[in-house]
Amino acid sequence: QVRLVESGGGLVQAGGFLRLSCAASGRLFSMDAMGWFRQIPGKEREFVSAVTWVAVNTYYADSVKGRFTISRDKAKNTVYLQMNSLTPEDTAVYYCAAGFLYGNDWTRIGSYGYWGQGIQVTVSS
């Protein structure tokens, strides 16, 4: 079993920034990637960013490229999402996820086997 716990969300004004963290624990020996997804009420969960654990390849949705930065701390089993220049359109529940299959498309929800409970990010205008 793998447990993922997000932190760092909250309320911020447009143009501001937040840094999300996701700490992983449990059976992590073969973890290949961690990612971030978000969900707006009434819409499907969508890909935000991902990072492979060993090679540190990074992936970003077009909507956040240039504003968000994903990183990982291998020693802490933690992935971060630095979110800058936030807009109200970034308001959502953000979920971190862990995947264990080499070669997966890390932009796809189905590539991940474990999910955090989600954390609210609200950007006011």
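Position 1 is the first residue of the sequence; numbering continues from there.
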Checklist entry - Does a donor on one side chain and an acceptor on the other come within less than 3.5 Å for Q120 and T122? => result yes
Next on the checklist: Counting only heavy atoms not in Q117 (residues, nucleotides, ligands), do more than 12 fall under 6.0 Å from its CD?
Outcome noted: no
Checklist entry - Can you tell me if T52 uses its side chain to pair, donor with acceptor, with the backbone of V54 under 3.5 Å? => result no
Checklist entry - How far does CG of L20 sit from CD1 of I119, to the nearest 0.5 angstrom? => result 6.0 Å
Item to check | Side chains of V93 and R38 in contact at under 4.5 Å (non-hydrogen atoms) | outcome: no
Next on the checklist: So E6 and S21, do their side chains get closer than 4.5 Å, heavy atoms only?
Outcome noted: no
Item to check | Which atom of S85 lies closest to which atom of R67, heavy atoms considered | outcome: O-NH1, 3.0 Å
Checklist entry - Does V123 offer a backbone N or O that forms a donor-acceptor pair with the side chain of T91 under 3.5 Å? => result yes
Checklist entry - Given the side-chain rings of F37 and W115, with only the six-membered ring counted for Trp, is the space between their centroids under 6.0 Å? => result yes
Item to check | Aromatic ring proximity, centroids under 6.0 angstrom, W36 and F47 | outcome: no
Checklist entry - Between L4 and I70, is there a shared hydrophobic cluster once you connect ILVMFWY residues whose side-chain heavy atoms come closer than 4.5 Å? => result yes
Checklist entry - Donor-acceptor pair, T78 side chain versus K76 backbone, under 3.5 Å? => result yes
Checklist entry - Hey, does R72 have a side-chain heavy atom less than 4.5 Å from the side chain of V56? => result yes
Item to check | Non-hydrogen atoms of S125 and A14 that approach each other most closely | outcome: CA-CB, 4.4 Å
Next on the checklist: Hydrophobic clustering (ILVMFWY, side-chain heavy atoms < 4.5 Å, transitive) - are Y59 and V51 grouped together?
Outcome noted: no
Next on the checklist: For a 4.5 angstrom cut-off between non-hydrogen side-chain atoms, does L86 reach L18?
Outcome noted: yes
Next on the checklist: Using side-chain heavy atoms (C-beta onward) and a distance below 4.5 Å, is F17 in contact with N84?
Outcome noted: yes
Checklist entry - For Y114, is the NZ or CZ atom of R3 found under 6.0 angstrom from the centre of its six-membered ring and inside 45 degrees of the ring axis? => result no
Checklist entry - If you take all heavy atoms of Y112 and G99, which pair is closest and at what distance? => result CD2-N, 3.6 Å
Next on the checklist: Tell me whether L81 shares a hydrophobic cluster with V79, the cluster being built from Ile, Leu, Val, Met, Phe, Trp, Tyr side chains joined at under 4.5 Å.
Outcome noted: yes
Item to check | Hydrophobic cluster identity match, F100 and W106, side-chain contacts under 4.5 Å | outcome: no
Checklist entry - Taking the six-membered ring of Y80 as reference, does the NZ or CZ atom of R19 fall below 6.0 Å from its centre and within a 45° cone about the axis? => result yes
Next on the checklist: I want to check something: taking the side chain as every heavy atom from C-beta on, are T69 and Y60 in contact at a cut-off of under 4.5 Å?
Outcome noted: yes
Item to check | Residue pair Y95 / R45, side-chain heavy-atom distance below 4.5 Å | outcome: yes
Checklist entry - Would you say the side chain of E89 lies within less than 4.5 Å of the side chain of I40, judging by non-hydrogen atoms? => result no
Checklist entry - Going hydrophobic residue to hydrophobic residue with side-chain gaps under 4.5 angstrom, can you get from Y94 over to V5? => result no
Next on the checklist: Quick check for you: to the nearest 0.5 Å, what is the distance between C22 atom SG and M34 atom CE?
Outcome noted: 4.0 Å
